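Okay, so here's the structure we're looking at.
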Protein chains: 4
Amino acid sequence: MAGSRFAYVRDFELPDPALPDVYLVVRIDGKGFHKFSAAHNFAKPNDAAALELMNCAARQVCSELRGDVVMAFGESDEYSFLLKKDCQLYRRRKTKITTHIVSLFTSSYVFSWPSYFPQTRLLQPPSFDGRLVEYPTAKHIRDYFAWRQADTHVNNLYNTTFWACVLRGGVTEREAHERLRGTVSAQKNEMLFSEFGINYEREEAMFRKGTTLVWTQEEANETTTQPAEDVHDGLVSSPKGSQQNKRKVKMKRRLRTLHVDIIGDAFWLEGTAALPATAEAAPAVSGSCAAAAASDTTLPTSMPSAAPWQDPDRLEGVGCGRWALA
Amino acid sequence: MAGSRFAYVRDFELPDPALPDVYLVVRIDGKGFHKFSAAHNFAKPNDAAALELMNCAARQVCSELRGDVVMAFGESDEYSFLLKKDCQLYRRRKTKITTHIVSLFTSSYVFSWPSYFPQTRLLQPPSFDGRLVEYPTAKHIRDYFAWRQADTHVNNLYNTTFWACVLRGGVTEREAHERLRGTVSAQKNEMLFSEFGINYEREEAMFRKGTTLVWTQEEANETTTQPAEDVHDGLVSSPKGSQQNKRKVKMKRRLRTLHVDIIGDAFWLEGTAALPATAEAAPAVSGSCAAAAASDTTLPTSMPSAAPWQDPDRLEGVGCGRWALA
Amino acid sequence: MAGSRFAYVRDFELPDPALPDVYLVVRIDGKGFHKFSAAHNFAKPNDAAALELMNCAARQVCSELRGDVVMAFGESDEYSFLLKKDCQLYRRRKTKITTHIVSLFTSSYVFSWPSYFPQTRLLQPPSFDGRLVEYPTAKHIRDYFAWRQADTHVNNLYNTTFWACVLRGGVTEREAHERLRGTVSAQKNEMLFSEFGINYEREEAMFRKGTTLVWTQEEANETTTQPAEDVHDGLVSSPKGSQQNKRKVKMKRRLRTLHVDIIGDAFWLEGTAALPATAEAAPAVSGSCAAAAASDTTLPTSMPSAAPWQDPDRLEGVGCGRWALA
Amino acid sequence: MAGSRFAYVRDFELPDPALPDVYLVVRIDGKGFHKFSAAHNFAKPNDAAALELMNCAARQVCSELRGDVVMAFGESDEYSFLLKKDCQLYRRRKTKITTHIVSLFTSSYVFSWPSYFPQTRLLQPPSFDGRLVEYPTAKHIRDYFAWRQADTHVNNLYNTTFWACVLRGGVTEREAHERLRGTVSAQKNEMLFSEFGINYEREEAMFRKGTTLVWTQEEANETTTQPAEDVHDGLVSSPKGSQQNKRKVKMKRRLRTLHVDIIGDAFWLEGTAALPATAEAAPAVSGSCAAAAASDTTLPTSMPSAAPWQDPDRLEGVGCGRWALA
């Protein structure tokens with residue numbers, strides 16, 4: 001063949017498999033998003049539409065890689081994706097997994113931009129970099145997500161106070177940095193409340209807690225109007241849970257979008273309140289990209305009206321993490 | 001700090017530096033582009049607009065990473081980027097480099113889609129995966145690009161004959177595969193010519209040779225109307241090349257888009273015909289994304305009229321590769 | 001400095017840290033030991049002195065790296081060393097750890113040869129290669145050692161039967177292979193018993209079970225004559241185990257040499273019979289290299305008389321593995 | 001099979017191939033040799049017998065891996081081995097290559113100790129660690145060896161001066177360090193000469209230049225009494241070098257032991273004086289381990305009488321390096 005004498009160059013492509021049976025986390029970060037945010041006039045300290053666009057792109061990744069990506073967490077211009085321990089995607093080749101997730105996220109971000117910023121033209125193609133990290137046990141994964149959410153809290157409290165000082169307090173950015181230097185959380189909370197009348201705990205949960213995406217399993221409700229996910233048969237305990245009461249029910253997987261605490265145990269442990277009740281209390285779609293989650297071919301063309309991040313369905317996540325570490 | 005007891009999870013991020021002083025090649029590949037092409041009705045065997053969109057996205061990568069990416073080669077839904085041996089981008093961290101290139105390429109592809117397909121709505125976000133390969137010497141790099149271009153030739157001759165049989169010969173795809181099984185190049189050339197009146201050598205060079213992007217250096221011509229690249233001072237030999245004749249001239253770097261042979265020596269070796277003459281013969285811009293190459297902020301909003309791949313400037317590349325392996 | 005313009009070559013030494021918080025196993029294998037065994041007339045199917053020499057070299061590794069190497073298992077010409085999860089040896093650099101263990105084992109093997117083969121001159125320097133494997137959880141470690149011990153069983157049953165056929169049955173090696181092809185364990189056991197009067201279960205435990213080295217903790221007995229290991233203070237439950245009964249006792253670490261089952265649970269779980277009783281029943285030293293284990297400077301100069309592998313202390317290991325996975 | 005349910009643990013053994021077509025250097029270092037030297041009363045600043053033992057062990061490695069290891073360089077308690085670019089040993093698995101070399105070196109060191117220290121009992125098994133480094137080009141390899149030899153020079157000049165101060169000058173080690181702090185080479189040379197009558201350039205070449213082992217090719221001399229290496233047929237240029245003068249001669253590979261400059265060009269470039277003349281001028285064996293180099297089974301049982309490092313054959317190496325980078 002024409003190229004056969006050159007084909008030896010393929011031998012330089014070395015293997016890079018992940019260790020078997022460890023959790024994989026792919027974290028992506030926006031490149032130069034300080035400048036990108038400024039160029040597109042993102043609101044300070046948080047731009048809800050920009051965060052929703054991140055969430056939408058992440059939901060697209062979760063849907064495309066359902067069965068492999070079991071959970072995700074995002075804040076600001078970063079998103080972390082958890083792949084299950086026995087994930088066999090690309091035979092666990094690390095670079096393949098990482099680049100595919102980075103590419104799909106980026107692609108979805110640009111693709112969905114007009115839905116979230118109908119009035120703002122995208123001025124330049126944004127870019128994200130990514131890394132893949134291996135974690136041996138569920139304990140590490142909980143600590144990983146706790147690390148990211150603690151970071152969200154620290155950053156958001158700082159930024160909220162900082163921009164309150166600048167935008168409402170009328171000081172320069174430099175002066176605001178000076179004031180905040182060395183302050184602890186309690187001082188920032190107090191400053192927000194006494195000077196600007198802001199009760200930090202009442203700020204949007206999406207800003208304070210970041211966004212958690214997680215695949216849950218629910219009994220399929222024949223009469224539900226919810227967008228159904230992978231509906232599959234399964235042996236599940238009845239609500240009474242006794243061994244004899246096992247019966248065959250339709251289960252559906254659903255990609256939840258949550259703004260809840262994932263540091264404490266409640267999110268991770270099995271809880272009675274977890275599912276059907278919540279679903280009934282929240283007949284709205286679980287995420288603004290629910291269509292994306294439901295289908296590979298239909299994608300959202302506009303951000304849902306109102307503020308999806310205030311949807312009660314997003315604010316109740318007890319027990320939702322229990323499938324992620326299964 | 002709130003998150004400090006979790007911060008140990010960072011220690012699981014292991015280093016992945018590339019070996020110093022070796023060439024790096026990042027190759028990206030479309031994910032499921034067979035389906036993607038069909039969904040968007042790409043022309044068979046080659047869709048020139050789709051290839052130009054690939055070229056545009058690749059030019060964006062070359063421009064964004066100018067100084068590091070010195071050459072690129074694309075065919076079909078793949079593109080290879082060559083980073084110079086002493087590239088220090090991200091301190092040579094392999095995953096960072098790879099994901100950034102993959103993300104930027106993907107982003108630009110989606111971003112520029114409307115310019116190349118004004119009549120066709122993008123139906124879903126495309127995705128690319130990537131890999132990074134280390135090559136010790138210039139010899140390996142020449143062989144790498146030869147491997148890809150030989151592959152282009154083999155694939156395109158096959159596809160051209162295959163689709164001629166199907167689209168003009170009226171046979172089924174299965175029958176076409178049967179006919180072509182085991183044929184050598186000469187037989188396919190003959191089949192094309194005798195049955196369909198196609199002289200393969202007169203097919204578009206972009207289809208037969210793929211697309212090579214390469215940064216060249218030219219003397220800045222004060223009166224030129226060409227989009228100037230990084231203009232810088234440099235000591236260059238005069239045309240006569242004698243040691244005494246060195247003089248200070250303005251040099252500009254220019255990103256050339258070429259559809260030429262890169263297997264033979266002519267592309268790689270210094271040649272007198274290389275530059276200013278060509279430039280004068282081709283007053284048109286060197287690529288449809290020239291603006292992208294020229295500026296970080298302005299991006300093309302439409303594909304240049306006509307067929308940029310027939311631009312004479314793209315068909316003459318003698319000596320253009322000599323800076324890539326410097 | 002004289003060498004400074006060359007010092008850049010150090011930059012080619014790339015990092016190779018192990019993942020944090022995973023178990024590390026270094027397994028070494030003899031190079032060309034078939035030939036080596038033949039050259040030194042090792043007994044077939046097992047040479048007890050040769051195995052004891054392997055054990056001695058492994059004990060030297062365990063002693064030298066006490067605190068890091070917590071367990072080891074050997075059979076034939078291979079040995080596996082388990083390093084604890086939080087091992088910080090060489091900052092977890094994989095090649096450093098592996099080469100140091102391989103080198104120390106090799107060195108001890110040659111060094112102690114005359115003690116185990118006083119009548120046989122070592123004809124050539126033997127060599128071992130090594131590899132390092134990362135395992136995420138204790139479950140994997142138990143399965144790893146089960147894998148090696150199951151391998152010991154399979155190989156030894158085969159070899160025992162094979163050499164019985166050859167040495168006692170008078171068939172050629174080729175014929176013996178033929179007879180054994182496709183036989184299962186029960187058939188080999190039967191063949192051994194009916195044809196050669198060998199009850200496989202009464203073969204030496206060292207041959208059937210391999211050798212397990214493990215650091216245990218025992219209450220220091222002031223009147224003991226045992227070679228004491230690292231004696232340290234610790235809070236341990238009293239035999240009655242109640243929370244209130246905790247008292248401060250002297251604990252000593254002791255490197256046990258065992259030929260026991262490590263596939264089942266008994267070895268790994270806490271058991272009452274584990275320690276002091278056994279120790280009293282076995283006033284002899286726990287291993288022929290006990291001196292090596294006890295001291296960095298004194299090394300054995302001769303193999304203990306008799307057959308140390310029959311020492312009752314080596315045949316009782318209930319609960320001994322529980323510290324290895326702590 | 002008994003162990004089949006555990007065999008999955010093998011999947012955790014990940015591949016670690018070296019890049020193709022790059023030079024590999026394995027460097028080994030003594031572990032705790034400061035203490036080891038003191039325990040065995042090595043002479044200060046250099047113990048010639050200890051260095052010869054290192055050289056002997058290294059020759060054993062070169063001989064065992066002939067065809068793969070083409071050159072080595074040692075000083076103090078370290079040795080570097082160069083493997084040729086197209087080495088296929090262990091299919092280029094890095095850990096296998098490194099551990100085998102480390103193990104073989106260690107084994108030979110202990111094995112040959114009595115030959116070099118007939119009066120001194122080895123008190124404890126020494127250990128070496130190792131690392132493997134990839135280098136893309138011959139230029140890097142020359143710089144690597146230059147780096148090590150420059151290091152030899154710097155260290156030896158310091159140590160020679162230091163111990164002259166201590167052993168002859170009667171100062172304490174602390175005082176000697178003080179005196180030498182901040183001095184440059186010229187000052188140390190002057191100090192040696194003026195205070196102790198030592199002309200540094202007349203110190204043993206082995207101390208000043210380290211030891212280089214290199215496989216050379218020589219015309220086999222039918223009447224030679226030299227220990228012949230791999231004698232093979234080859235087409236070689238006659239001394240006149242003309243194309244027509246090619247004739248078939250017997251070539252033999254010979255492992256040279258040299259104490260010569262390897263920083264300059266002379267060692268690496270083809271030179272007329274290189275070989276046969278030298279060989280005739282030095283009818284003695286080329287190294288004290290020549291037997292080791294000549295045979296896999298016979299090993300030296302005593303260090304050659306006299307001082308092999310003064311053998312003229314070891315002090316003339318023009319052109320000897322030219323085969324190492326072929």
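All of these numbers come straight from a predicted model, not from anything done at the bench. Proteins get letters first, then strands, A, B, ... in listed order; numbering begins at 1 in each.
Using a 4.5 Å cut-off between non-hydrogen atoms, no part of residues 69-83 of chain A approaches chain D.
For A/D11, there are no salt bridge (Lys or Arg N to Asp or Glu O under 4.0 Å) partners, not counting sequence neighbours. Listed by chain and residue number, nothing satisfies the side-chain hydrogen bond (donor to acceptor under 3.5 Å, both in side chains) test with A/R93 (two or more places apart in sequence, or in another chain). With sequence neighbours excluded, no residue satisfies side-chain hydrogen bond (donor to acceptor under 3.5 Å, both in side chains) with A/T98.
Proximity to chain D is limited to the side chain of A/L14, based on heavy atoms less than 4.5 angstrom apart.
Annotation: the span from A/D21 atom CG to D/F12 atom CZ amounts to 4.5 Å, rounded to 0.5 Å.
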